[in-house]
Visitor: 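What follows is a structure written as structure tokens; I'll ask about it next.
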Amino acid sequence: MRPLRTAYSTIQAYDTDECVGIRPTGEARHDHLGIDGWAAPREKARRSSPCRMAHLVVARSTSIQRAARAQPEDPMYRPSYRRHTTHDSAPSPRASWPQVIVLANRGPFTTELQANGSIRVRRAAGGLVTALVPLVQKSSVTWVACGASDSPSAGEGSGLDVRGATGAHRLRYVCLPDDEHRGYYYGFANQGLWPLCHALHVQPVFRSGDFHAYRRANIRFAAAVADEATCASPLLLVQDYHFALAPSELRRRLPLSTIVTFWHVPWPPALVLESCPWAKELLDGLLGSDIAGFQTSQDCENFLDSVERLVGADISRTDGTATYRGQTTRVRAYPVGVEWDNDVVRTTPPAPVCAESVRGDLGLPSDVKLGVGIDRLDYTKGITEKFLAIERLLEDHREFRGRFTFVQVAEPSRECLPEYQLAREQIIATAERVNARFGAGANVPIVLQLSHYEPAEVYRLYRAADVCYVGSLRDGMNLVAKEFVLARHDERGVLVLSEFAGASEQLQAALLIDPYSVDASALARALTMPDVEQSKRMRIMRATVARFDATWWAERLLADSWSLRWSQPSPDRHARAEAQVSA
Ligand code: G6P
């Protein structure tokens, strides 16, 4: 395991707007826990008190009902969607949890040791962090995450604590022994569950050693959560496929807690899940939750099918519940969103300025159309297939040769796994081939950037682009699609979106594609779409992205958990338990 390298002074020297105090055992050092857009000044925190949040939820839920009546054709209000989403239950204004603990493999930021010995802090990649950060900004949480990566912030023993001086946020890192981390994260989570849940043509690898490491790690994380609990009945928010076994373990350790598990990736059909030798254990673990949240109504259906078929749980499709070993789990869709009121969007220059500067950087004349793709480098994202569609465009439409450039950002991810190395080779080889066929000198159709882009740079690309292409072969939600819509307050630009991304359930006004078919018609249509049509589509999508934003997601989860807690048979047992703990 790597030694503890992080020091308060080195972090302070780094380029976040505000500073973070990191100490081996955690102590309040600073006004804000400031990681890129994640600063919570005292005043902002005060204005976002739980009481105010509860009022916001009531207001939002009323406006949602109003909108549902006004727009029955909106996909959000299709009967299948409404069956699993809970827009209607107004939460109690007393929605003030004694404590909220998030359990997620990724912490909100990553740290990287620089050549000069200082440490670079960046917001972590992926939709999970994007979705959770606004929740953390707006309520007081403890975040328990894995510290056993290559990060220089990984410490020994019980890991690191990071705390803002407001006392509002706390980070607890759990460090796993190397072999356990390999089996849990690279092995079972990313070579087993990741391909299984995405149900692609990449075969999951199930090794018993990995599963045992996964189980050990889940128990270790659950112990850290229990150790962080300062009351008997906290709200526990368990995140994603890294922690399928944690809910039942947490139920055992903190029987009075309310456990909400959110699965950020797709839930596979029962027949696919069955191929996992430990499918029953996974379901048994997840059914320790009070609420199991998914991205789409299809995921909810698949989950209910799975628990009925594989462990014989009693399910009600009408109520969206599964009862197993005396515990009832509510199964709900909470599509994650992006932060509508977002500092980066606010400070990004207007679209024409971005277009000019990006074209200037790339050396492109103003009449060249620009496409963008922003993905983690992952075989689920369909980047190679996207390049094949670009190749087809240039084959079929001569008018775009030398007149279309596509900037693809692909942030490397899980690089030590062979599947990711292969995906990287294919992506590079395809881009080079297409560029060799259709490029001329420095003017190439595909500009491939295999690196991390900071949010400000990503939003500059979104604003500059004529088209954003999201070609996931399968995706839980895909927040890039929503970020592009969020960025385009000029109501220009066209979103080409895979029908296999969860986001397509909400963003039906995008140009929906089958990413497997090597077909350039959507791209050609996007590049020639009249302004009026662009604007009409963008306006519809912006209304949805604004309404179901990250705040809606977080508030919905908190509100549903709260109403569940108070609808349980003996709410006063919680009060008694709390009294016992504080006595
Ligand atoms: C997806 C997963 C997240 C994960 C992210 C980045 O969005 O749902 O749980 O954090 O990818 O992947 P990584 O393995 O780098 O954390």
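Note that ligands are numbered from 1 as they come in the structure, with each ligand's atoms numbered from 1 the same way. When reading the values below, keep in mind they use all heavy atoms of this one structure, side chains included, and skip hydrogens, waters and symmetry mates.
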Visitor: Starting from atom 13 (P) of ligand 1, which protein heavy atom do you reach first, and at what distance in Å?
Guide: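 The answer is Y185 OH, 3.4 Å.
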Visitor: Which pairs, with at least one residue in residues 188-200 and sequence neighbours excluded, count as a salt bridge (Lys or Arg N to Asp or Glu O under 4.0 Å)?
Guide: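 Found none.
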Visitor: Give the residue and atom name of whichever protein heavy atom lies nearest to atom 3 (C) of ligand 1, and the separation in Å to one decimal.
Guide: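 Checking every protein heavy atom, the shortest distance to atom 3 (C) of ligand 1 gives D240 OD2, 3.3 Å.
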Visitor: In terms of atom number and element, which parts of ligand 1 are under 4.0 angstrom from non-hydrogen atoms of V265?
Guide: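 In order of number, 8 (O).
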Visitor: Return yes or no for this condition: an N or O of N190 is under 3.5 Å from an N or O of ligand 1.
Guide: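 N190 vs ligand 1: no N/O contact under 3.5 Å.
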Visitor: Of the non-hydrogen atoms in S257 and L250, which two are nearest, and what is the gap between them?
Guide: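 Looks like OG-O, 4.5 Å.
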Visitor: Charged N to carboxylate O under 4.0 angstrom, R182 versus D178?
Guide: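 Judged by the 4.0 Å cut-off on N to carboxylate O distance, R182 and D178 do not form a salt bridge.
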Visitor: Any nitrogen or oxygen of R106, main chain or side chain, under 3.5 Å from a nitrogen or oxygen of ligand 1?
Guide: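 By distance alone, the answer is yes.
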Visitor: With a 4.0 Å cut-off on heavy atoms, does Q239 reach ligand 1?
Guide: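 Outside the 4.0 Å threshold, so no.
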Visitor: Polar contacts were defined as any N/O atom of the residue lying under 3.5 Å from an N/O atom of the ligand; does this apply to R414 and ligand 1?
Guide: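 It does: an N or O of R414 is found under 3.5 Å from an N or O of ligand 1.
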Visitor: Can you pull the salt bridge (Lys or Arg N to Asp or Glu O under 4.0 Å) pairs that have at least one residue in residues 267-283, sequence neighbours excluded?
Guide: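 Residue pairs with at least one partner in residues 267-283: E274-R309.
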Visitor: Got a salt bridge between R106 and D240, using NZ or NE/NH1/NH2 to carboxylate O under 4.0 Å?
Guide: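 Looking at D240 together with R106, the answer is no, because their closest N to O distance does not fall below 4.0 Å.
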Visitor: H242 heavy atoms, cut-off 4.0 Å: which ligand 1 atoms fall inside?
Guide: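 By the 4.0 Å cutoff, the relevant atoms are 9 (O).
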Visitor: Which ligand 1 atoms does H264 reach within 4.0 Å, using its non-hydrogen atoms?
Guide: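 Matching atoms, with element in brackets: 8 (O).
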Visitor: Which label fits H264 and W553: parallel for a plane angle under 30°, tilted from 30 to 60°, or perpendicular past 60°?
Guide: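 Answer is tilted, since the angle falls between 30° and 60°.
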Visitor: Tell me: protein heavy atom nearest atom 7 (O) of ligand 1, and distance?
Guide: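 Here the nearest protein heavy atom works out to G127 N, 3.6 Å.
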Visitor: Please work out whether the ring planes of W278 and F211 are parallel, tilted or perpendicular, with thresholds of 30° and 60°.
Guide: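 Taking F211 first and then W278, their aromatic rings lie parallel (interplane angle under 30°).
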